[in-house]
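Down below is the structure, laid out as structure tokens.
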Amino acid sequence: MTEILLTPDCEKCAALCCVCLAFDKSEDFPIDKPNGEPCPQLSDCQTCKIYEEREQQGYRGCMHFDCLGAGQRVTQEVFGGRNWRDDPKLLDPMTRAFVIMLKVHELLGLLDAASRLPLTYEEMDRYDVLMSELAPTEGWTEELLEGFEGRGTEKDVHAFLKSLRHHVA
């Protein structure tokens with residue numbers, strides 16, 4: 001199985017968190033921004049214009065967000081390095097893919113934490129099945145991501161994690 005990095009690499013991403021995610025005006029954000037609309041602080045080079053001053057400018061929410069590597073995975077693996085800036089028609093499919101990949105990476109992070117427990121052979125077998133569903137050997141495609149939510153993997157991961165309570169009680 002290919003190692004999945006659960007850390008962001010913004011240089012390999014198409015600034016998906018700055019475009020795909022919505023945020024509401026609050027103590028974490030100074031404005032409302034709908035999903036699919038670039039943040040006004042996003043430069044033409046796909047970098048944050050106020051990166052060093054995010055907190056002072058009221059963008060504390062950006063400082064606490066971690067895509068767990070979903071952004072670069074969507075940009076590089078699913079879309080082969082293509083970018084919504086160069087091809088605006090990609091914005092909607094990249095947004096859908098990013099939102100689903102965020103769920104996938106959150107689940108991978110939970111399973112990674114579970115793998116540090118003293119799992120039984122049976123639990124390891126179940127872990128391996130779930131990992132193969134979250135990290136397909138052929139890689140993710142738009143089509144596989146679109147079908148992800150209907151497969152019940154998220155529910156299966158949560159049931160598996162609940163079954164491990166005896167390890168931490």
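Predicted model only: the values in this text are computed from it and were never measured.
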Has F65 got more than 12 heavy atoms of other residues, nucleotides or ligands less than 6.0 Å from its CZ?
yes
State, yes or no, whether a side-chain contact exists between L102 and L21 at a heavy-atom distance under 4.5 Å.
yes
Does some side-chain heavy atom of V168 sit less than 4.5 Å from a side-chain heavy atom of L117?
yes
Test side-chain contact (heavy atoms from CB on, under 4.5 Å) applied to C10 - qualifying residues, sequence neighbours left out:
none
By the side-chain hydrogen bond (donor to acceptor under 3.5 Å, both in side chains) test, which pairs, at least two apart or in different chains, include something from residues 153-169?
E123-H166, E123-H167, E133-T153
Among residues at least two apart in sequence or on other chains, which ones pass salt bridge (charged side-chain N to carboxylate O under 4.0 Å, His left out) with K12?
D9
Could you see if M63 belongs to whatever hydrophobic cluster contains Y51? Use Ile, Leu, Val, Met, Phe, Trp, Tyr and a side-chain cutoff under 4.5 Å.
no
Is atom CD of Q56 surrounded by more than 12 heavy atoms (other residues, nucleotides or ligands) closer than 6.0 Å?
yes
E146: partners by salt bridge (charged side-chain N to carboxylate O under 4.0 Å, His left out), with sequence neighbours left out:
R96
Side chains of C67 and F98: closer than 4.5 Å at any heavy-atom pair?
yes
Of all residues at least two apart in sequence or in a different chain, which pass the side chain to side chain donor-acceptor pair (under 3.5 Å) check with E77?
R73
For D112, check side chain to side chain donor-acceptor pair (under 3.5 Å) against everything at least two apart and list the hits.
R116
Where is the tightest heavy-atom contact between I100 and L145, given as atom of each residue plus distance?
CD1-O, 3.4 Å
OG1 of T75 to CZ of R82, rounded to nearest 0.5 Å, is 10.5 Å
When rounded to the nearest 0.5 angstrom, what distance separates CZ in F160 from CG in L130?
6.5 Å
Do E138 and L144 come close enough that some side-chain heavy atom pair is under 4.5 Å?
yes
F29: hydrophobic cluster co-members (side-chain, 4.5 Å)
F23, I31, I50, Y59
Got a sec, which hydrophobics cluster with V99, joining ILVMFWY side chains under 4.5 Å apart, including via others?
none
Pairs satisfying side-chain hydrogen bond (donor to acceptor under 3.5 Å, both in side chains), at least one member in residues 28-37, at least two apart
none
For E143, side-chain contact (heavy atoms from CB on, under 4.5 Å) partners two or more places apart
T141
Less than 4.5 Å apart, side chain to side chain, heavy atoms only: is that true for W84 and P38?
yes
Which pairs, with at least one residue in residues 47-67 and sequence neighbours excluded, count as a salt bridge (Lys or Arg N to Asp or Glu O under 4.0 Å)?
none
Which heavy atom of R85 sits nearest to which heavy atom of P88, and what is that distance?
O-CD, 4.2 Å
Please find the pair of heavy atoms, one from C20 and one from T95, that lie closest to each other, and give the distance.
SG-OG1, 3.3 Å
For residues 40-48, please give each side-chain donor-acceptor pair under 3.5 Å, one per line with the distance, not counting sequence neighbours.
unit_1	atom_1	unit_2	atom_2	d
S43	OG	C45	N	3.2
S43	OG	T47	N	3.2
S43	OG	T47	O	3.1
S43	OG	T47	OG1	2.9
Q46	OE1	N83	ND2	2.7

Same cluster (ILVMFWY, side-chain, under 4.5 Å), V157 and V129:
no
Treating Ile, Leu, Val, Met, Phe, Trp and Tyr as nodes and any side-chain heavy-atom pair under 4.5 angstrom as an edge, say whether Y121 and L161 lie in one connected cluster.
no
Do the non-hydrogen side-chain atoms of F148 and M101 ever get within less than 4.5 Å of each other?
no
Where do G36 and L91 come nearest, in terms of heavy atoms and distance?
O-CD2, 3.2 Å
About how many Å separate NE2 of H105 and CG of L6, when rounded to the nearest 0.5 Å?
6.0 Å
Looking at every non-hydrogen atom in both residues, tell me the closest pair between W140 and L134 and how far apart they are.
NE1-O, 3.1 Å
